[in-house]
Number of protein chains: 2
Amino acid sequence: MGSGEHKDCHEVIMPVRDALDVINGKWKLPIIIAISRGHKRFRDIERNIPKITSKVLSKELKDLEAHKLLKRSVYDSQPVTVEYTLTPYAATLNPVIEALYTWGSQHRKTIFGSQDQD
Amino acid sequence: MGSGEHKDCHEVIMPVRDALDVINGKWKLPIIIAISRGHKRFRDIERNIPKITSKVLSKELKDLEAHKLLKRSVYDSQPVTVEYTLTPYAATLNPVIEALYTWGSQHRKTIFGSQDQD
DNA sequence: CAGTATCCTAAACGATACTG
DNA sequence: CAGTATCGTTTAGGATACTG
């Protein structure tokens, strides 16, 4: 009805929020990136993500698994090993990661141009 | 040096984290979207973002302004009006928003296929 | 209209230690 | 190695009320 003026506003916001709900926080995308680069083991992932702790990594891995973005496999080797691998679904996030990577790279240059930053 | 194997992992993670630092949270991108759709006034923005409160909107607007993504203009009219407009820099976020929009739309279909969701 | 002031809860994040 | 336990701090976010 009537003036469909700010209706299309919601149409854009809603899906973006859905996406944000999944990748929210500092860690989820970095974890996906690390695994996509071939780091499958818990300690290996941990070592490759600056500042992350076991506790946070553990929690985030569970979240990502719940969102069907990765799979946890336990191998009955000697000793038992655990591997995290991305699902095909996680690959659909690549355009998001690329857009963020591109923007973040540019942004970093921009802020380094004017002031300091970690 | 030696095995530069997980070095490129950081090269990807860092810019992504920089981007995430800026757009983090549920509200920043929705706010940018609302403003980009022509909603410039505080109440107008507020009305077009489901569930946001004055307090949160106020805080997020300040954050976005600090990141140079939008500009707050006060017009000495009768009564005083305030307008928020995006900076040209905010437009560089469009590919990010589009990627998120596309993925979020697909994701919503995916989860609606299997279970319920808000 | 354009916000601010309080108060509050829940979640994120972090440090350190510990277990099978 | 692959985590969990415990603790504490910080931040995001929400409810409600209020101001110029």
Side-chain angles (χ1 to χ4, degrees), chain A residues 6 13-14 16-32 34-35 38-67 70-85 118, chain B residues 6 13-14 16-32 34-35 38-67 69-86 118:
Chain A
H6 43 57
I13 288 174
M14 292 309 201
V16 170
R17 285 205 40 180
D18 288 338
L20 252 12
D21 282 348
V22 176
I23 66 157
N24 225 341
K26 302 165 66 169
W27 304 114
K28 291 191 180 68
L29 255 20
I31 290 168
I32 289 175
I35 298 178
H39 306 287
K40 303 171 187 297
R41 312 283 294 276
F42 192 91
R43 290 289 169 205
D44 196 16
I45 298 165
E46 192 178 8
R47 249 179 272 112
N48 279 279
I49 299 173
K51 314 264 188 187
I52 201 168
T53 64
S54 304
K55 183 195 151 193
V56 170
L57 178 56
S58 172
K59 189 232 168 207
E60 300 287 289
L61 286 171
K62 279 169 188 160
D63 284 1
L64 290 169
E65 201 186 352
H67 278 117
L70 56 81
K71 184 173 172 344
R72 179 180 186 271
S73 311
V74 183
Y75 294 103
D76 204 20
S77 50
Q78 216 47 250
V80 169
T81 56
V82 179
E83 279 189 11
Y84 293 92
T85 49
D118 169 38
Chain B
H6 44 57
I13 287 174
M14 292 309 202
V16 169
R17 286 206 38 179
D18 287 338
L20 253 10
D21 282 349
V22 176
I23 65 157
N24 225 340
K26 302 165 65 170
W27 304 114
K28 292 190 180 71
L29 255 20
I31 290 168
I32 289 174
I35 298 177
H39 305 287
K40 303 171 186 295
R41 312 281 294 275
F42 191 91
R43 290 287 170 206
D44 195 17
I45 298 166
E46 192 179 7
R47 251 179 271 111
N48 279 279
I49 299 175
K51 315 266 188 185
I52 200 168
T53 62
S54 304
K55 184 197 148 192
V56 169
L57 178 55
S58 172
K59 187 230 170 207
E60 300 287 288
L61 285 171
K62 278 170 189 161
D63 284 0
L64 290 168
E65 200 185 353
H67 278 115
L69 292 170
L70 57 81
K71 185 171 169 345
R72 180 180 185 270
S73 310
V74 182
Y75 296 102
D76 204 19
S77 49
Q78 215 47 254
V80 168
T81 56
V82 180
E83 280 189 10
Y84 293 92
T85 48
L86 299 180
D118 167 40

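The figures here come from the full heavy-atom set of this structure, side chains too, leaving out hydrogens, waters and symmetry mates.
Across all strands shown, B:Lys62 has heavy atoms under 4.0 Å from sugar-phosphate atoms exclusively, and none from any base.
Between B:Ser58 and C:dG3 there is no side-chain N or O to OP1 or OP2 distance below 4.0 Å. Phosphate contact (OP1/OP2 of C:dA2, side-chain N/O of B:Arg72, threshold under 4.0 Å): absent. Taking only side-chain nitrogens and oxygens, A:Thr53 never comes nearer than 4.0 Å to OP1 or OP2 of C:dA15. One finds a side-chain N or O of B:Arg43 lying less than 4.0 angstrom from the OP1 or OP2 phosphate oxygen of C:dC1. Considering only side-chain N and O atoms, A:Arg47 lies under 4.0 angstrom from the phosphate OP1 or OP2 of D:dC1. A sub-4.0 Å separation between OP1 or OP2 of D:dA12 and a side-chain N or O of B:Lys59 is present. Dashed line: the shortest gap from a side-chain N or O of B:Lys28 to OP1 or OP2 of D:dG13 is not under 4.0 Å. Put simply, B:Tyr84 has a side-chain N or O that comes within less than 4.0 Å of OP1 or OP2 on C:dG3.
Residues A:Lys28 and A:Leu64 form a side-chain contact, since some pair of their non-hydrogen atoms from C-beta on lies under 4.5 Å apart.
One finds no salt bridge joining B:Lys62 and B:Glu65 here, because no Lys/Arg side-chain nitrogen approaches an Asp/Glu carboxylate oxygen to under 4.0 Å.
Residue B:Lys55 places a side-chain atom within donor-acceptor reach of the base of D:dG13, judged by atom type and a 3.5 Å distance cut-off alone.
Checked against D:dG3, C:dG14, C:dT4, the side chain of A:Trp27 finds its nearest nucleotide in C:dG14. Picking from C:dA2, D:dA12, C:dG3 the nucleotide with the shortest atom distance to the side chain of B:Arg41 gives C:dA2.
Summarising the base pairing, C:dT9 is matched to D:dA12 through a Watson-Crick or G-U wobble pair whose two defining distances lie under 3.5 Å. C:dG20 is paired with D:dC1 under the Watson-Crick or G-U wobble criterion, all donor-acceptor distances under 3.5 Å.
Atom CD1 in A:Ile35 sits about 12 Å away from atom P in D:dA2, given to the nearest Å. B:Leu57 has its CG atom 9 Å from the C1' atom of C:dG3, to the nearest Å.
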